Amino acid sequence: MNKTALKTRFAPSPSGLLHLGNIRTALFNALLARRSRGLFLLRIEDTDQERSSEEYVTALMEDLRWLALEWQEGPEVEGEAGPYRQSQRRSVYQADFQRLEAEKLAYPCFCSQEELERVRKRQLAAGQAPRYPGTCARLSPEEVEGKLAAGFKSALRFRVPSLTTIEFEDLVRGPQRFATGDIGDFIIRRTDGSPAFFFSNALDDALMGVTHVLRGEDHLTNTPRQILLLQALGLPIPRYGHIAMIVGRDGAPLSKRHGSRSV
Ligand code: GLU
């Protein structure tokens with residue numbers, strides 16, 4: 001198999017049993033890989049240690065195998081881009097956090113949850129879309145030093161370039177355009193040091209050589225952020241396709257409320 005072969009992936013967070021929506025996403029990815037004689041990769045997105053459990057990792061692998069959705073790269077099969085569990089990739093992420101910070105493409109943010117919540121409420125009340133106002137983007141190096149020396153904990157925020165447009169051709173929905181002015185600087189490393197979803201998910205797709213990302217429509221607005229990150233890191237950008245969600249009779253995405261069960 002050469003390096004440019006098509007590669008899809010399924011990237012569940014092991015915080016519950018797989019349900020119909022997850023399986024449908026996995027199925028489309030597995031079928032696309034199979035049709036193109038490509039690879040289907042499995043990655044466990046377990047950065048949220050509190051919500052993830054080993055029991056769900058075991059269960060989801062059993063469910064996938066039971067449905068004959070076998071992966072050619074991932075846990076238990078392994079491959080050259082492993083490890084395939086994000087909890088084991090901390091050192092990989094660390095290098096890129098440092099690089100982004102050194103190049104001033106990311107900055108430490110000391111804002112507390114309460115402060116962020118206050119700003120959010122104010123923006124909503126003024127009829128604006130909630131967005132990080134850039135408070136810590138304007139701190140001088142001395143101010144940052146001072147806060148760190150005083151023991152304040154910081155998250156790391158990605159500096160979104162202003163006044164550009166991110167465009168991509170969605171495999172399902174066609175041409176997409178997003179103005180970066182509508183995207184606030186977003187957190188890529190949480191205060192506890194763990195990577196945020198936007199970051200680890202996009203970085204791993206690139207490092208694992210994923211060429212096609214098929215995922216739920218609920219991720220569509222995450223994609224321009226992830227493209228910006230990959231551009232900043234000089235990494236390859238996969239093709240994205242966002243598929244409609246399975247909804248209940250009330251039009252809301254299928255959930256426990258509708259009796260959505262595990263497979
Ligand atoms: N872990 C994410 C989820 O389960 C993956 C999203 C994606 O496919 O990019 O929602």
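Keep in mind that what you see is a predicted model, and the values were worked out from it rather than measured. Both backbone and side-chain heavy atoms feed into the values below; hydrogens, waters and symmetry mates do not. When a ligand or atom number is given, it counts from 1 through the structure's own listing order. Heads up: numbering here begins at 1 and tracks the sequence.
- In the hydrophobic clustering, Leu17 connects to Tyr56, either directly or through intervening members, whenever side-chain heavy atoms lie under 4.5 Å apart.
- The existence of a salt bridge linking Arg138 and Glu143 is excluded, since no basic side-chain nitrogen approaches an acidic carboxylate oxygen closer than 4.0 Å.
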Name each donor-acceptor pair under 3.5 Å that joins a side chain in residues 193-208 to protein atoms two or more places apart or in another chain, with its distance.
from   : atom 1 : to     : atom 2 : distance (Å)
Ser194 : OG     : Arg190 : NH1    : 2.7
Ser194 : OG     : Asp192 : OD1    : 2.6
Ser200 : OG     : Ala196 : O      : 3.3
Asn201 : OD1    : Arg215 : NH1    : 3.3
Asn201 : OD1    : Gln226 : NE2    : 3.0
Asn201 : ND2    : Glu45  : OE1    : 3.2
Asn201 : ND2    : Glu45  : OE2    : 3.2
Asp204 : OD1    : Arg89  : NE     : 2.9
Asp204 : OD1    : Arg89  : NH2    : 3.1
Asp204 : OD2    : Gln86  : NE2    : 2.9
Asp204 : OD2    : Arg89  : NE     : 3.4
Asp204 : OD2    : Tyr93  : OH     : 2.6
Asp205 : OD1    : Arg9   : NE     : 2.9
Asp205 : OD1    : Arg43  : NH1    : 3.0
Asp205 : OD1    : Arg43  : NH2    : 3.1
Asp205 : OD2    : Arg9   : NH2    : 2.9

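- Atom-to-atom distance recorded for Asp96:CG and Leu229:CG is 9.5 Å, nearest 0.5 angstrom.
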Donor-acceptor contacts, no H, no angles, side chain residues 146-162, under 3.5 Å, sequence neighbours left out:
from   : atom 1 : to     : atom 2 : distance (Å)
Arg157 : NH1    : Asp185 : O      : 2.9
Arg159 : NE     : Lys104 : O      : 3.0

Under 3.5 Å, N/O to N/O: give me all the pairs between ligand 1 and the protein, one per line with atom names and distance.
from     : atom 1 : to     : atom 2 : distance (Å)
ligand 1 : 1 (N)  : Ala11  : O      : 2.8
ligand 1 : 1 (N)  : Ser13  : OG     : 2.9
ligand 1 : 1 (N)  : Glu45  : OE1    : 2.7
ligand 1 : 8 (O)  : Arg9   : NH1    : 2.6
ligand 1 : 9 (O)  : Arg9   : NH1    : 3.3
ligand 1 : 9 (O)  : Arg9   : NH2    : 2.8
ligand 1 : 9 (O)  : Asn201 : ND2    : 3.1
ligand 1 : 9 (O)  : Arg215 : NH1    : 2.9
ligand 1 : 10 (O) : His219 : NE2    : 3.2

Worksheet item: Arg173 and Gln176: side chain to side chain contact (heavy atoms under 4.5 Å, CB included), yes or no, with the steps?
Response: CA-CA 8 Å; Arg173 302 165 59 101; Gln176 303 291 316; 3.5 Å; yes
